[in-house]
Amino acid sequence: MRQYDHKKIEKKWRNAWAKSGIYRSKETSRKKKAYVLDMFPYPSGEGLHVGHPKGYIATDIYSRMSRMQGKSVLHPMGWDAFGLPAENFAIKNKVHPRRAVEKNIKRFKEQLQMIGLDYDWTREINTTDPDFYKWTQWIFLKLFEKGLAYQSFEPINWCPSCQTGLANEDLEGNVCERCGTVVEKRPMRQWILRITQYAERLLQDLEFLPEWQEHIKESQRNWIGKSEGAEIDFPLTVTPEKLTVFTTRPDTLFGATYVVVAPEHEMLGKLRSRITNWTDIQRYQTEAASKNEIERTAEGKEKTGVQLQGVRAVNPATRQEIPIFVADYVLSHYGTGAIMAVPAHDERDFEFAKKFNIPVIPVIDSDGSAIPYVGAGTLMNSEEFSGMPSEVAKARITERFGQPKTTYKIRDWVFSRQRYWGEPIPIIHCDRCGIVPVPEKDLPVKLPEVKHYEPTGTGESPLAAISKWVNTTCPKCKGKAKRETNTMPQWAGSSWYYLRFMDPKNKKALVDPKKERYWAPVDLYVGGAEHATRHLIYARFWHKFLYDLGIVSTAEPFMRLISVGLIQAEDGRKMSKRFGNVINPDDIVDAYGADTLRVYEMFMGPFTDAIAWKTASLIGARRFLERVWRLQEKLVTSPDDSTERDLHKTIKKVGDDIRNFKFNTAISQMMIFVNGAEKSGITKAQYRTFIALLAPFAPHITEELWSLLGQRGSIHVSKWPQYDESKLTADTTTIVVQISGKVRTQIQAPVDSTEKEVQDAAEKAAAKWLVGKSYKKIVFVANRLINFVID
RNA sequence: GCCGGAGUGGCGUAAUGGUAGCCGCGCGCGACUCAAAAUCGCGUCCCGCAAGGGGUGAGAGUUCGAGUCUCUCCUCCGGCACCA
């Protein structure tokens, strides 16, 4: 027997597979399909570390098993290469982003190929390819056409370091997710997508995704942030004659002893001439505007505010005049930007009321609990509503004084970036015709090749400086016009790329309906949990939009979603160049082989758990493969009963475990099998069956063994083994004997022995504990245990 | 603060309400070897020579029986957070 030489074997088979094209995807009506997808990577300049391939290995195993089970498999790979990381890398290293991306992709691809993944590279896509982003632009035009893309001049988040506007989803708290800089509010012209119009469906349809992990759905629910309540008009003592507030607690209306508007509220300007302390109000507005989130939290959330003089509001329920405050604890962008304050039943209002000596009137019976009492209860001090439970009163009071209203925390998607490296927004600005979409036939609007692509910091994209590109003619009036110079955010291309894999060469339509109907939807989607409230929300939004246009056939893009648990560095921190704790997969593949790396990463622990890398433990995976290799020396001619039983158990468990993404226990079972087979020997047929089970995990060594066993063709297109139910159980089984729930001994008994038979045997075996005792009860579990309960 | 998830040997972990610690790493002893590596065998939760006893973050409960179910609390991880 030759030695197990991973280098030779792995290189040989990778070349063979590339040549034979066994992983090529085909649409065929004869087979069931499995569309297995990885969140495609951002090809950074640092290359892969060992954590990156974990998810790819898992989908690889899943897709390989699916293929062996006779399914038609689509398992593609591509590159999400527009956006800030690639651009910042390019600026830092003084190379053009396009060059940098090309180089990074080449490196990533080499690294991925070294791991032996079964991607169909003929379907490779790249979001920065004009053939691809033509369709990203096309979708934008459709959004524009349907009124879902609009221009706005509202203040938005601005990162002073990246020098671009950002979406809400691009923030971590109040810092830029990319660079950690505290963001500012900055008014500027921008393009926005009306994702809020889909908020309810994005929320509701989560119910139809039973195979999504609960925490991802929960994150999305939090992010969408639906709350149901009411809008109630509070009359003012001057014109304009009312202020509309949003509340989720209309049942506490009688306890509203003041109202608050956000500093940015438009009513303030309108009331300017009636407010006698206008300079105080203005000063407060200026202060609030200058404060960023950090400063606000640094103040310990102590409430500040100023009362409006000369204007009061009227509580519509009590008909009492109440003061109006401007305070920054009310957010302008949520609800109506104004609230009714009920200090008896809201902690923030209570704190504010104490500071400003505003009356606190309880209207919910707190049943002895301290004020503020924020729970539900029975109404009091509320005229004819007193005595009603909160839930009833909510509806009644809303009916009488306001109207039901639902609000969402999710905000429209700020979709323009003042950066070079993104898809140009296909819009033309004409002095005469206004905003004119680029005609479909003129797509793609190509990103011009330029020398200077650094951000300008002026709120203008670097594209604005390229007059040759900017100046164009208006498609409508043929007069002089200018191109939109903002580009799309990083998340644009990834919002629909999974559709492109179905038909990457298609020049005519987004997707060929025939192919779309064959592959859609994605059956299994695997990637990082950090995408829960960004990519996964954006992609669902675009998909629903395309669904409404009749372009795709399902309401949801991804049927099953599993998030990868991070592989941390050995020191327990994140693996990062910054910490100097990165393990490079190339080194591991070189020293131990790709198969060892694959088996190790899947054996580390539960797939979705974050676990620290440990090079010392890697040896276990290598030893396992060596022992599988050496089974060649343990061949026997007649099968052993217990080995045969173990084999069938292993077939069942490995199949079930791969389906459930429990790779660690699948490998554990295979190790148990090998431990047994080493002792008892193994027949050629058993060996073949076993390596077929191992093939998705360790594709190279199993392919080599397959050919050494004289098999023709690739193991990876061979038939997935079937287990025989009748071979799963042995003739005898171990039965635990308990006395009053304590394990005392165990006996061997024929499978399916009756209670009487087991009792007789057990009584003999456990005689020393049972002598002279009477049974209160006997609990018998067939094939498992018998429990004598004694006094 | 609210909402999710999780706490098991030295370490990674495993256990349809039914023998807690499978599988692997590490470690100890032994075989092979001049020696070492590799490999193989035995052992490895704690106390105890043993019989036995204790043990799954803490405390209670349900049950013949709880790592698993229920309640209270503690710790860690993740999401949201002045969202009315």
Side-chain angles (χ1 to χ4, degrees), chain A residues 172-173 213-227 229-230 245-250 252 256 259-260 262 293 296-297 301-303 327-331 333-342 345-349 351-352 374 407-411 529-530 532-533 563 565-566 599-600 603-606 608-621 623-624 626-627 630 662 664-675 678 734-746 768 775-790:
Chain A
E172 275 174 5
Q213 283 169 299
E214 193 50 42
H215 74 275
I216 302 275
K217 290 198 275 189
E218 196 56 30
S219 291
Q220 293 207 351
R221 284 188 200 107
N222 279 339
W223 191 261
I224 294 166
K226 179 179 183 173
S227 38
V245 304
F246 172 72
T247 180
T248 56
R249 293 298 302 274
T252 63
V259 294
V260 189
E293 300 288 328
R296 284 196 198 179
T297 35
K301 292 183 183 172
E302 157 125 21
K303 302 280 179 292
D328 66 4
Y329 84 91
V330 171
L331 307 173
H333 56 72
Y334 185 76
T336 62
I339 62 158
M340 64 178 213
V342 185
H345 303 294
D346 182 280
E347 278 168 21
R348 298 153 301 184
D349 297 346
E351 192 192 323
F352 191 86
V374 299
T407 62
Y408 301 89
K409 279 194 244 180
I410 192 171
R411 314 261 297 279
E530 70 275 14
T533 53
S563 55
L566 212 68
V599 169
Y600 172 64
F603 185 63
M604 285 174 83
T608 54
D609 284 12
I611 301 170
W613 175 270
K614 203 169 163 191
T615 302
S617 294
L618 186 75
I619 194 68
R623 281 184 196 144
F624 168 61
E626 302 239 20
R627 292 162 72 178
R630 285 199 303 267
K662 289 166 72 175
N664 55 331
T665 50
I667 293 168
S668 169
Q669 179 60 40
M670 288 190 280
M671 286 171 168
I672 291 169
F673 175 78
V674 171
N675 289 346
E678 274 177 339
T734 304
I735 293 188
V736 171
V737 181
Q738 296 185 343
I739 312 290
S740 296
K742 265 194 180 311
V743 177
R744 288 303 176 185
T745 185
Q746 47 180 253
K768 78 184 232 204
Y775 310 146
K776 254 196 343 210
K777 189 176 178 182
I778 294 176
V779 181
F780 173 70
V781 182
N783 295 324
R784 245 181 222 290
L785 68 75
I786 185 158
N787 184 6
F788 299 96
V789 185
I790 59 177

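Here is how names work: the chains are called A, B, and so on, in the same order as the sequence lines, proteins then strands, and each is numbered from 1. In this text the structure is predicted, and so the values were computed from the model without any measurement. Quick note: numbers below take in every heavy atom, side chains included, and nothing from hydrogens, waters or symmetry partners.
- Here A/Tyr334 reaches the OP1 or OP2 of B/rA84: one of its side-chain N or O atoms lies under 4.0 Å away.
- Taking the ring axis of A/Tyr329 as reference, the NZ or CZ atom of A/Lys303 stays within 45° of it and closer than 6.0 Å to the ring centre.
- Checked by distance alone, A/Arg744 brings no side-chain donor or acceptor within 3.5 Å of a matching partner on the base of B/rU19.
- Here A/Ile778 lies out of heavy-atom contact (under 4.0 Å) with every strand.
- Dashed line: the shortest gap from a side-chain N or O of A/Lys614 to OP1 or OP2 of B/rC25 is not under 4.0 Å.
- B/rU19 and B/rA14 have their C1' atoms separated by 15 Å, given to the nearest Å.
- OP1 or OP2 of B/rG24 has not a single side-chain nitrogen or oxygen of A/Asn664 nearer than 4.0 Å.
- A/Lys217 comes within 4.0 angstrom of nothing in the nucleic acid, heavy atoms only.
- B/rC32: no Watson-Crick or G-U partner with both key distances under 3.5 Å is found in any strand.
- Note on A/Arg623: a side-chain N or O is less than 4.0 Å away from OP1 or OP2 of B/rG26.
- Summarising the base pairing, B/rG43 is matched to B/rC27 through a Watson-Crick or G-U wobble pair whose two defining distances lie under 3.5 Å.
- Judged by atom type and distance alone, A/Gln738 reaches the base of B/rG18 through a side-chain donor-acceptor pair under 3.5 Å.
- Side-chain atoms of A/Asn787 come within donor-acceptor range of the base of B/rC64, with a qualifying N/O pair under 3.5 Å.
- A/Arg411 comes within contact range of no nucleotide atom at all, as no heavy-atom separation falls under 4.0 Å.
- Ion pair A/Glu218/A/Arg221 flagged as a salt bridge, since at least one NZ, NE, NH1 or NH2 atom sits closer than 4.0 Å to an Asp/Glu carboxylate oxygen.
- Residue contacts for A/Asp349: at a heavy-atom cut-off of 4.0 Å it reaches no nucleic acid atom on any strand shown.
- Remark: A/Arg630 is in phosphate contact with B/rC40, judged by side-chain N or O atoms under 4.0 Å from OP1 or OP2.
- Side-chain contact between A/Gln213 and A/Thr608: present, with at least one pair of heavy atoms (C-beta onward) separated by less than 4.5 Å.
- Checking the phosphate oxygens (OP1, OP2) of B/rC82, no side-chain nitrogen or oxygen of A/Lys409 falls inside 4.0 Å.
- Within the nucleic acid shown, A/Thr734 comes within 4.0 Å of at least one base atom, counting heavy atoms only.
- A/Val743 comes within 4.0 angstrom of sugar-phosphate atoms only, judged by non-hydrogen atoms across all strands, and of no base.
- Between B/rU39 and B/rG21, the distance separating the two C1' atoms is 27 Å to the nearest Å.
- Residue A/Ser219 has no polar side-chain atom (N or O) positioned under 4.0 Å from OP1 or OP2 of B/rG78.
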